[in-house]
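Below: the structure, in structure tokens.
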There are 2 protein chains.
Amino acid sequence: MTEDEPTTEDGVWLDCSNSAVRRAARRLGQLYDDAMGETGLKGTQFSLMTQIVRSEEPTLKRLAKAMVMDLSALGHTLKPLIRDGLVELVPDEQDRRAKRVRLTAAGVAKQRELLALWQQAQNRFDEAFGREQAEELRRTLAFISSSEFTQAFSRKQDQ
Amino acid sequence: MTEDEPTTEDGVWLDCSNSAVRRAARRLGQLYDDAMGETGLKGTQFSLMTQIVRSEEPTLKRLAKAMVMDLSALGHTLKPLIRDGLVELVPDEQDRRAKRVRLTAAGVAKQRELLALWQQAQNRFDEAFGREQAEELRRTLAFISSSEFTQAFSRKQDQ
DNA sequence: TTGATTTACTGGTATATACCACTATATATG
DNA sequence: CATATATAGTGGTATATACCAGTAAATCAA
């Protein structure tokens with residue numbers, strides 16, 4: 001083997017937390033998307049649909065907060081799912097500014113179908129990474145995603 | 001305080017590694033982008049420019065690998081930086097299929113300017129999260145990003 | 001009750017990122 | 001050498017995601 005095309009990923013800049021987490025997100029995106037197979041949906045879309053179920057007809061605002069996502073970004077992300085009849089928006093009765101998000105019947109069925117595929121990917125992740133460590137990593141990442149962490153980060157601003 | 005608008009982020013689906021890492025990526029993206037301030041660039045663009053420097057005139061292919069990014073995605077991501085005169089592509093002498101990526105003089109200056117802002121954000125992160133833990137997290141994420149991990153994950157495929 | 005402010009969402013625009021089909025170049029094979 | 005194959009990059013299209021400027025509805029204040 002000559003020295004070109006090194007298999008070791010040399011020279012990678014590993015010092016930035018932001019960069020590190022995005023790299024990992026790209027990698028896991030590929031892995032989980034693969035696992036979604038021929039369903040036509042991506043891992044991100046499955047996550048979003050699952051969060052909608054968990055949140056029990058959240059408003060867009062609340063769902064955006066749960067996803068740590070910009071409200072308008074969420075709106076755009078939902079469009080393909082609405083177009084494909086998996087998700088629908090229902091005006092709130094009390095507050096006519098608000099819209100509630102829910103899965104359609106087709107959406108519920110699709111989410112169930114994807115759940116099995118997701119579980120396989122998740123199992124593979126846990127086995128490859130170690131179940132204990134995987135759980136700890138998810139807790140760690142949830143902490144970083146929390147507004148508590150954002151506040152701690154922001155407080156450091158003034159020296 | 002009444003029970004509407006709960007400040008606790010309840011009902012968040014925390015079980016998915018893919019979802020967890022993306023949520024954290026969105027959060028850190030906001031934080032690091034903020035830190036880039038009025039420079040007109042985002043944290044991702046700074047990371048990319050820094051990786052270009054570290055890789056010493058990589059080809060697009062090698063840079064994509066270092067970033068754990070799809071080759072064509074990298075091409076698209078580079079476009080605004082090329083348009084703004086911060087990055088340039090130079091055809092390789094030996095292999096005329098390949099193009100090498102490098103910062104222009106303006107790009108080098110800009111990267112240095114951003115470095116100081118990035119360092120502040122990174123310091124805040126390390127203080128808020130704990131320096132030791134931050135380093136361990138980055139190592140962990142680098143492992144997940146590695147092809148070694150992808151192989152381990154993929155081997156689990158066949159039961 | 002009316003005017004000011006805040007809140008929830010929408011649409012536009014820009015970057016981030018992936019996959020696919022295509023082109024051009026390089027390499028391997030008979 | 002000529003052809004088959006593999007490699008590097010480009011362009012199109014689609015989703016992911018952010019910020020900003022608007023609109024409409026709710027709430028607060030005088």
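Note that this is a predicted model, so its numbers are computed, not measured. In what follows, chains carry the letters A, B, and so on, assigned in the order in which the sequence lines appear, proteins first and then strands, with residues in each chain numbered from 1.
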Below 4.5 Å, heavy atoms only, C-beta onward: do A:Phe46 and A:Lys110 meet side chain to side chain?
no

Using whole Å, report how far CZ of A:Arg27 lies from P of C:dA18.
10 Å

For A:Thr104, which residues count as a side chain to side chain contact (heavy atoms under 4.5 Å, CB included) partner, sequence neighbours excluded?
A:Glu88, A:Ala106

Selection: residues 77-89 of chain A, any non-hydrogen atom under 4.0 Å of DNA chain D
A:Thr77, A:Pro80, A:Arg83

Using whole Å, what does the distance between atom C1' of nucleotide C:dA18 and atom CG of B:Asn18 come to?
14 Å

Nearest-angstrom distance from the residue atom CG of A:Leu63 to P of D:dA16:
13 Å

Quick one: list whatever passes side chain to side chain donor-acceptor pair (under 3.5 Å) with A:Ser17, sequence neighbours left out.
B:Arg138

Need to verify one output field. Residue with the more 5' nearest nucleotide on DNA chain C, A:Arg22 or A:Leu71?
A:Leu71

With a 4.5 Å heavy-atom cut-off, do A:Met49 and A:Leu41 have their side chains touching?
yes

Side-chain contact, heavy-atom cut-off 4.5 Å: A:Leu71 with A:Leu63?
no

With nearest nucleotide decided by heavy atoms, which residue, A:Gln94 or A:Met67, maps closer to the 5′ end of DNA chain D?
A:Met67

Without decimals, in angstroms, what is the distance between A:Met69 CE and D:dA16 C1'?
8 Å

Proximity to DNA chain D (any heavy atom under 4.0 Å), residues of residues 28-48 of chain A only
A:Thr44, A:Gln45

For atom CZ of A:Arg100 and atom P of C:dA8, their distance in whole Å:
12 Å

How many Å lie between CG on B:Asp70 and C1' on D:dG12, as a whole number?
13 Å

Does any part of the side chain of B:Thr50, heavy atoms only, come nearer than 4.5 Å to the side chain of B:Trp118, both counted from C-beta?
no

Which nucleotide in the set D:dT10, D:dA25, D:dT13 lies at the smallest distance from any side-chain heavy atom of B:Ser72?
D:dT10

Answer yes or no: is there a side-chain heavy-atom contact under 4.5 Å between B:Arg23 and A:Gln51?
yes

Going hydrophobic residue to hydrophobic residue with side-chain gaps under 4.5 angstrom, can you get from A:Val90 over to A:Leu86?
no

Residues forming a side chain to side chain contact (heavy atoms under 4.5 Å, CB included) with A:Arg139, sequence neighbours excluded
A:Glu135, A:Glu136

Using a 4.0 Å heavy-atom cut-off across all strands, classify B:Leu60 as base, sugar-phosphate, or nothing.
sugar-phosphate

In whole Å, I'd like the distance from the CG atom of B:Leu74 to the P atom of D:dT10.
9 Å

Treating primed atoms plus P, OP1 and OP2 as sugar-phosphate and everything else as base, which nucleotides of nucleotides 2-7 of chain C get B, S or - for protein heavy atoms under 4.0 Å?
-----B

Is any side-chain heavy atom of B:Phe129 closer than 4.5 Å to one of A:Thr140?
yes

Other residues, nucleotides, ligands: >12 heavy atoms within 6.0 Å of A:Arg83 CZ:
yes

B:Arg96 side chain, from C-beta outward: closest of C:dA26, C:dA8, D:dA26
C:dA26

Between A:Arg100 and A:Glu57 (side chain of the first, backbone of the second, donor and acceptor by atom type, cut-off under 3.5 Å), is there such a pair?
yes

Measure the distance from NZ on B:Lys99 to P on C:dA24 and round it to the nearest whole Å.
12 Å

